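Below is one structure, written out as structure tokens; the observations come after it.
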Amino acid sequence: MDLLKDLNDAQKEAVLQTEGPVMVMAGAGSGKTRVLTRRIAYIIEQMGVSPYSVLAVTFTNKAALEMKERIANLLGIDTKFMWVSTFHSFCARVLRAEAAHLGLTYTSNFQILDDEDSLKIVKKIFKKLDIGDDIKPQTIRTDISKSKNLADFNIEDPYRLKIFNKVKTEYDKYLCENNAFDFDDLLIKTVELFKNNADILNKYQDKFNYILVDEFQDTNKIQFDLIYLLAMNNQNIFVVGDEDQSIYSFRGALVSNIAKFKNVFPLTKLVLLEENYRSTKAILDLANKVIKNNNARIGKVLFTKQIDSVRPYYQMFDDNKEEADFVLNKILELREKGYEYKDFAIMYRANYISRNFEDVLIKAKIPYVIYGGFSFFSRKEVKDVVAYLRLILNQNDNISFLRIVNEPKRKIGSTTLEKLDYISNQNKISLFEAINYINNNSLNSFRDMILSLAKSVNEVPLGDFYDLVLDKSNYLKSLKDNDEEERIENINEFRSVLKEALDTYKGNNEAVLAGLLQDLSLRTDTDNKKDSDEVIKLMSFHQAKGLEFKVVFMVAMEEGIFPSVNAFSNEDLEEERRICYVGITRARERLYITAAKKRFMYGRDDFHMPSRFIKEMELLPKIKPRYTNQNKTLVYKANIKDKKDELPFKVGDEISHDVFGKGLVVEANKDIIKVAFMIPYGIKTLNPNHKAIKKL
DNA sequence: TGAGCGTACGCCCCG
DNA sequence: CGTACGCTCA
């Protein structure tokens with residue numbers, strides 16, 4: 001096909017300028033994925049470059065998969081093993097290939113720890129160092145991650161700093177001794193590897209003739225260094241970004257990398273994509289209105305030629321139940337008009353909000369998927385069986401050993417394990433080997449079980465071997481005994497993962513399992529789900545980045561939730577605003593924005609004001625909230641005159657109080673009103689005629 | 001050793 | 001509200 005077909009001039013330029021540094025500033029919905037994939041296809045097809053000489057990095061697995069799929073469709077080639085991946089899997093791939101240069105303890109089958117594993121190790125170290133409970137392991141774990149990611153990290157509190165230093169030293173040592181990396185290490189160790197080994201760096205510099213980076217505004221210092229190291233020689237580096245969609249500063253993303261790029265690569269050619277092909281004008285207007293409140297931006301205004309639009313809709317409900325009912329009814333109503341389930345997405349700031357909507361969707365029997373949240377591969381039972389498989393393949397894997405040695409219960413408790421730990425330290429052997437130095441029946445039979453499974457790995461088909469593991473370990477039986485139906489289902493679902501692995505990796509069972517286990521920690525369960533699935537999607541705004549839907553519900557748009565209570569500084573608030581911008585610009589045709597005055601969370605009712613972003617959208621300029629008699633919900637309607645009320649205040653009024661600040665009337669009678677103020681004041685019962693109160 | 005119970009606490013967002 | 005962890009006792 002003609003790779004330049006249907007591209008506008010700016011997009012064509014971005015595809016054709018294949019040599020030298022190029023930076024594309026691409027607004028939301030301006031066709032950046034299209035540009036990226038066409039450019040890669042162009043380089044391969046029109047210029048004859050090998051697909052394996054192109055490196056493309058993105059942030060999510062989903063984006064990487066989509067890119068591979070699109071390239072495969074454009075060129076009709078197999079893209080499975082192309083270097084199109086997330087930063088993390090790129091680094092893992094390099095580290096596995098170069099493990100020999102990582103120091104004696106690392107081998108190419110190192111394991112990658114997720115947050116849970118990593119926290120467990122920190123807890124273990126807390127015990128070992130006998131650190132009291134005036135500081136939490138989670139705090140130090142977060143500090144360790146921050147110290148690895150943030151450009152300017154420091155701990156003020158000298159006590160915390162002391163603990164941090166001690167724990168971090170032990171932590172790094174433990175990971176090293178156990179042939180493991182955490183997510184942060186993947187990036188750091190790769191950069192270190194390149195910096196310390198000129199010949200290895202040269203090899204990769206020569207290998208990748210063309211480098212492309214998606215979501216460039218979300219790169220952190222380490223990622224920038226990585227890109228720079230790889231691209232500094234041939235300078236064929238192409239980055240795509242949008243300053244207004246930078247939403248990952250909490251893990252060190254630096255918007256300033258955009259300016260830095262131009263400094264480091266002075267020959268940078270700049271391309272602007274400002275025409276939006278995704279959303280209607282009304283939706284785009286909202287996005288522009290919100291984002292213009294940010295000061296820290298160069299500034300651009302997206303435009304579209306699609307002027308035909310349905311007005312975005314905002315409503316604040318009395319409680320989260322009503323909010324969920326509204327969303328449900330709207331979905332049903334729009335389905336009658338021809339929308340399909342896959343056209344809908346419900347988006348929120350924090351994952352726990354999904355609960356509210358799950359409940360009504362289940363009741364209404366509407367199929368849905370939740371993105372993110374608790375991934376399939378981080379479920380306890382899945383991690384347990386994976387640990388069995390890991391230990392069967394490699395008995396020196398202490399991390400997996402500790403996970404399942406007493407799971408299900410085998411009467412191997414902390415006392416026994418402490419003995420084992422002591423012997424393993426004394427003799428510099430793994431915990432598994434240390435079993436031989438203890439006369440303990442439970443441990444002996446555990447060892448024999450693992451060893452006999454290890455013997456039979458290649459003797460039966462993989463599926464049968466999996467059954468054998470579930471059986472001999474007693475794992476399945478223990479789940480059955482406890483009526484853990486959902487867990488059993490997940491254990492069975494894992495079979496499809498094994499089946500897929502058989503298609504992906506070559507060799508005997510052991511080789512297939514080894515390949516699968518290496519890739520597992522970098523996968524999330526929604527990676528394989530097809531967009532064509534007839535389901536509605538629930539996700540956080542962060543998860544939604546890069547995606548689009550015909551109908552978007554932005555829910556729980558309340559102060560304290562969005563912007564989050566944790567957003568204090570002006571920078572924090574600007575980031576929240578960018579998150580809001582990302583949310584709005586996901587919508588193609590219809591956008592519904594909802595909030596609830598009263599939200600049930602943490603086992604109690606919380607009261608919230610509408611998000612400040614709603615005001616910024618100017619959705620209700622001179623409109624007063626009113627009750628309708630029919631449905632007892634607040635509706636905002638233009639051009640309806642406010643009836644004179646004999647009560648001084650009515651529910652929904654915003655007031656200001658000399659001491660408590662701004663508040664929302666949640667109950668109104670003749671001589672008392674209840675008003676919800678911001679944290680820490682909460683609900684106050686007040687005299688409506690008091691001079692401290694003013695109507696806003 | 002681990003079941004059973006009481007208490008504390010949740011702070012977002014991701015690979 | 002749910003869960004995670006620590007303490008106590010059989």
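All values below were derived from every heavy atom in this structure, side-chain atoms included, with hydrogens, water molecules and symmetry-related copies excluded. Predicted model only: the values in this text are computed from it and were never measured. A, B, ... follow the sequence lines: proteins, then strands. Residue 1 opens every chain.
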Rounded interatomic separation in angstrom, taking CG from A:D606 and P from C:dC1: 15 Å
Six-ring centre of A:Y248, A:R251 cation under 6.0 angstrom, axis tolerance 45°: yes
Residue closer to the 5' end of DNA chain B, A:D115 versus A:I412 (nearest nucleotide): A:I412
Helical stems, DNA chain B - three or more consecutive Watson-Crick or G-U wobble pairs below 3.5 Å: B:1-10 with C:1-10
Spacing of the C1' atoms in C:dG2 and B:dC11 (rounded, Å): 16 Å
d(CG, A:D114; P, B:dC14) in whole Å: 14 Å
A:F194-A:Y228 aromatic ring centre distance below 6.0 Å: no
Side chains of A:E98 and A:Y204, donor plus acceptor under 3.5 Å: yes
Which atom of A:F317 lies closest to which atom of A:E323, heavy atoms considered: CD1-CA, 3.7 Å
Shortest non-hydrogen contact between A:K545 and A:R586, atoms and distance: C-NH1, 4.3 Å
Rounded distance in Å between the C1' positions of C:dT3 and B:dC14: 22 Å
Separation of B:dC14 C1' from A:F541 CZ (nearest whole Å): 16 Å
A:Y171 versus A:S118, side-chain donor and acceptor atoms under 3.5 Å: yes
Interatomic distance where NZ belongs to A:K136 and P belongs to B:dC11 [whole Å]: 9 Å
A:I353 CD1 - C:dC1 C1' separation (whole Å): 14 Å
Closest listed nucleotide, where the reference is the side chain of A:K411 and the choices are B:dT1, B:dC13, B:dC11: B:dT1
Base of B:dG15 paired with side chain of A:N61 (donor-acceptor, under 3.5 Å): no
Below 4.0 Å: OP1/OP2 of B:dC13 and any side-chain N or O of A:Q543: no
Polar side chain donor-acceptor pair, A:E358 to A:Y368, under 3.5 angstrom: yes
Presence of A:K123 side-chain N/O under 4.0 Å of C:dA4 phosphate oxygens OP1/OP2: no
Pairwise 5' ranking along DNA chain B for A:I579 and A:R410, keeping only the more 5' one: A:R410
Nearest-Å distance for atom pair CG/C1', residues A:N220 and B:dG15: 11 Å
Atom pair distance, as rounded to whole Å: CG in A:L417 and C1' in B:dT1: 12 Å
B:dC14 OP1/OP2 closer than 4.0 Å to side-chain N/O of A:N149: no
